[in-house]
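Sequence lines set the chain letters: A, B, ... in the order given, protein chains first and strands last, and positions in each chain run from 1.
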Amino acid sequence: MRMVNLRVSYNARRIALGLAVILVLGFLLLPGQLQSVFQSIGSPLGWVISWPLQAVAGIHDRIADIWGRYVALQGVEEENQQLKRELDLLKEQNGQLREASAATERLSALLEFKRQALPTSVAAQVIGRDIGNWYKTIILNKGASDGIQSDQGVITPAGVVGRIVKTTASTAVVLLVTDPNNAIAGLIQRTRDEGIVEGTTQGQARLKYIPLLSNARPGDHVVTSGLVGGFPRGIPIGTIIRIDKEEEALFQSAELSPEVDPNRVEDVLVIRSFPLPTEGERLSVPKPKP
Amino acid sequence: MKALIYCTVIVGLVPVQSVLLSHLSVWGVKPDLGFVAVCLIGLIAGELDGLLVGLALGWAMSLFSAQDLISSVILKGAVGYIAGLAGRQVVYLSPVVLVIGLLVVSCVIGLVTPLALTLSPQQDLWWAAWTVVLPQACLDAVIGGVIYWLMWSRLNIEQVMSESRI
């Protein structure tokens, strides 16, 4: 086979090579500025690439759907019985939670925290996974044109998924809670001790900087503390499975089992905004209701 | 024609890499098809084509990854350029030699990448070498070798290389 070749003049090749070298030097000398420029002009390129990406993801979903409905039906009966038992348990818990929810709603309104409890969110679908092996991320089918920005939190009804690290016009990249480069402010629900939740290389999560005097124990639930980082307070992150207390250490840490399995997540909510109380608001005396 | 092929490679590789390859991962590690493509383009079409496709592919891939733009662009561009320079020095390249070459270059790039990315302290060089770099290099080498073997057995690869270069 003969390959068609558009021959370019020697001068044009030299100019192209020179421009490439200038570009690389520019990246080394002005990394921040050039990176933001290329990130913003890359948005249309991302939009173009998102079309085949969504098409491939759609075909993949259909194949997975057919596989799930007709081929992978082994053990469904047993799973069905187990789910029914879980449903009964959840119904009971639901009744208790409704009561608790009603009480919380009244208290929230009283303390004027209702704004914080109802963040605006955008529903999105997972259309891909990270391109490389260094980060644990997922790609969403919503982007900057839907109001999604970096550092916004991503959740499912079960709990925290991760946070947005990059956007194009029509896609967004979410760094998962299980990635070691992610850090989310967390809170042990029972003891109210705060810490930082980081991912681990084993695909779990770890709550760091727990005070030594804390009586946290396996089985305790960890939720978002709501102080920083795109998440309102109280969204489940994981359950403590082991406490690590080293001698002469200033803090203890806990290994968590994340509430959300990032490998199975398909639909998510991106928390677009929620009013974070300022330092003044947090410390000031609540205003009396008219 | 060449430009069209390169655009197709750039636009097509991102969906394949992010959607389909997650099912073909071995021990959670995926091959880097971008690396393989840039190497082959550099080898066959020369260092300038390798450099430009590497820069463009690095940019496109960084838009859909948490990896920062600079490391992605520079590493892919450098791979394409080096592959082009290496291709100029060889008259005949057998698939076996290419597989060994890909294995070595993928290992080197894989060991440079964590240093360029400033990853979490948990992801040290030892962890990176055993859990990401070596498995990925093996996968890259096998896939690159298969693609090159297919081209080598069906095309007159020396003629294609000489026609593609100036």
Side-chain angles (χ1 to χ4, degrees), chain A residues 1-8 10 13 16-17 20-21 23-24 27-28 31 34-36 38-39 42-43 45-46 48-57 59-60 127-137 139 165-166 168 171 173-175 179-182 198-201 203 206 263, chain B residues 1-3 10-12 14-23 25 28-30 32 34 44-45 47-48 51-52 55 59-70 72-74 77-78 81 110 113-114 117 119-123 127-128 131-132 135-136 154-156 159-160 163-164 166:
Chain A
M1 195 185 96
R2 200 180 159 82
M3 196 164 188
V4 180
N5 185 16
L6 297 173
R7 301 232 175 226
V8 186
Y10 183 62
R13 293 181 75 86
L17 189 59
V21 171
L23 183 73
V24 171
F27 271 130
L28 294 174
L34 267 186
Q35 191 158 353
S36 58
F38 270 83
Q39 188 62 43
S43 209
L45 175 68
V48 170
I49 296 175
S50 73
W51 281 96
L53 181 64
Q54 296 197 17
V56 172
I59 294 166
H60 169 263
I127 55 170
R129 307 267 157 192
D130 197 280
I131 275 172
N133 293 310
W134 298 106
Y135 296 98
K136 290 171 191 157
T137 64
I139 303 169
V165 287
K166 212 176 262 186
T168 68
T171 60
V173 179
V174 182
L175 190 67
D179 188 289
N181 300 285
N182 205 349
E198 277 184 4
T200 66
T201 51
R206 175 168 288 275
N263 296 320
Chain B
M1 182 67 179
K2 248 186 178 181
I10 292 165
V11 173
V14 174
V16 171
Q17 182 85 32
S18 65
V19 178
L20 302 181
L21 277 195
S22 50
H23 298 289
S25 61
V29 177
K30 294 176 281 190
D32 186 351
I44 292 168
E47 64 269 17
L48 185 64
L51 174 67
L52 294 179
L55 293 174
W59 181 30
M61 290 181 114
S62 78
L63 293 171
F64 297 92
S65 164
Q67 186 171 354
D68 71 312
L69 179 75
I70 298 173
S72 179
V73 165
I74 291 181
Y81 191 74
T113 306
L117 293 179
L119 296 167
S120 153
Q122 292 178 53
Q123 297 166 300
W127 172 86
T131 57
V132 177
Q136 187 189 315
R154 280 166 174 70
L155 309 172
N156 185 348
Q159 191 186 342
V160 172
E163 280 176 1
S164 301
I166 292 176

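- Note: Leu53(A) CG to Gln17(B) CD = 11.5 Å, rounded to the nearest 0.5 Å.
- In terms of the side-chain hydrogen bond (donor to acceptor under 3.5 Å, both in side chains) criterion, residue partners of Thr171(A) (sequence neighbours excluded) are, by chain and number, Thr168(A).
- With a 4.5 angstrom heavy-atom cutoff, Glu198(A) touches chain B only via side-chain atoms.
- Here Arg129(A) contributes atom CZ and Ser65(B) contributes atom OG; the two are 14.0 Å apart, rounded to the nearest 0.5 Å.
- Under the side-chain hydrogen bond (donor to acceptor under 3.5 Å, both in side chains) criterion, Ser18(B) pairs with no residue at all, not counting sequence neighbours.
- Counting all heavy atoms, side chain and backbone alike, Phe64(B) lies closest to Ile139(A) at O-CD1, 3.6 Å.
- In terms of modelled atom types and a separation under 3.5 Å, the side chain of Asn133(A) and the main chain of Val29(B) share no donor-acceptor contact.
- Comparing Pro135(B), Ser62(B), Ser72(B), Ala78(B) by heavy-atom pairs within less than 4.5 Å of chain A, the highest count is held by Ser62(B).
- Only the side chain of Thr137(A) comes within contact range of chain B, with heavy atoms under 4.5 Å apart.
- Looking only at side-chain heavy atoms (C-beta outward), Thr200(A) and Gln122(B) come within less than 4.5 Å of each other.
- When all heavy atoms of Ala60(B) and Ile49(A) are compared, the pair lying nearest together is CB-CD1, 3.6 Å.
- Looking only at heavy-atom pairs under 4.5 Å with chain A, the residue among Ile10(B), Thr131(B), Ile70(B) that has the most is Ile70(B).
- In this structure, chain A has heavy atoms under 4.5 Å from both the backbone and the side chain of Leu69(B).
- With a threshold of 4.5 angstrom between heavy atoms, Leu52(B) approaches chain A through side-chain atoms but not through N, CA, C or O.
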(request) Test side-chain contact (heavy atoms from CB on, under 4.5 Å) on Val56(A) and Val16(B) and set out the steps. (result) CA-CA 8 Å; Val56(A) 172; Val16(B) 171; 5.7 Å; no
(request) Dump the intermediate steps for side-chain contact (heavy atoms from CB on, under 4.5 Å) on Ile131(A) and Val14(B), then the final yes or no. (result) CA-CA 7 Å; Ile131(A) 275 172; Val14(B) 174; 3.8 Å; yes
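- Of all the heavy atoms in Leu63(B) and Gly46(A), the pair that sits closest is CD1-N, 3.8 Å.
- Minimum heavy-atom separation, Thr113(B) to Trp134(A): CG2-NE1, 3.4 Å.
- Within the 4.5 Å cutoff, the side chain of Val19(B) has no heavy atoms near those of the Ile127(A) side chain.
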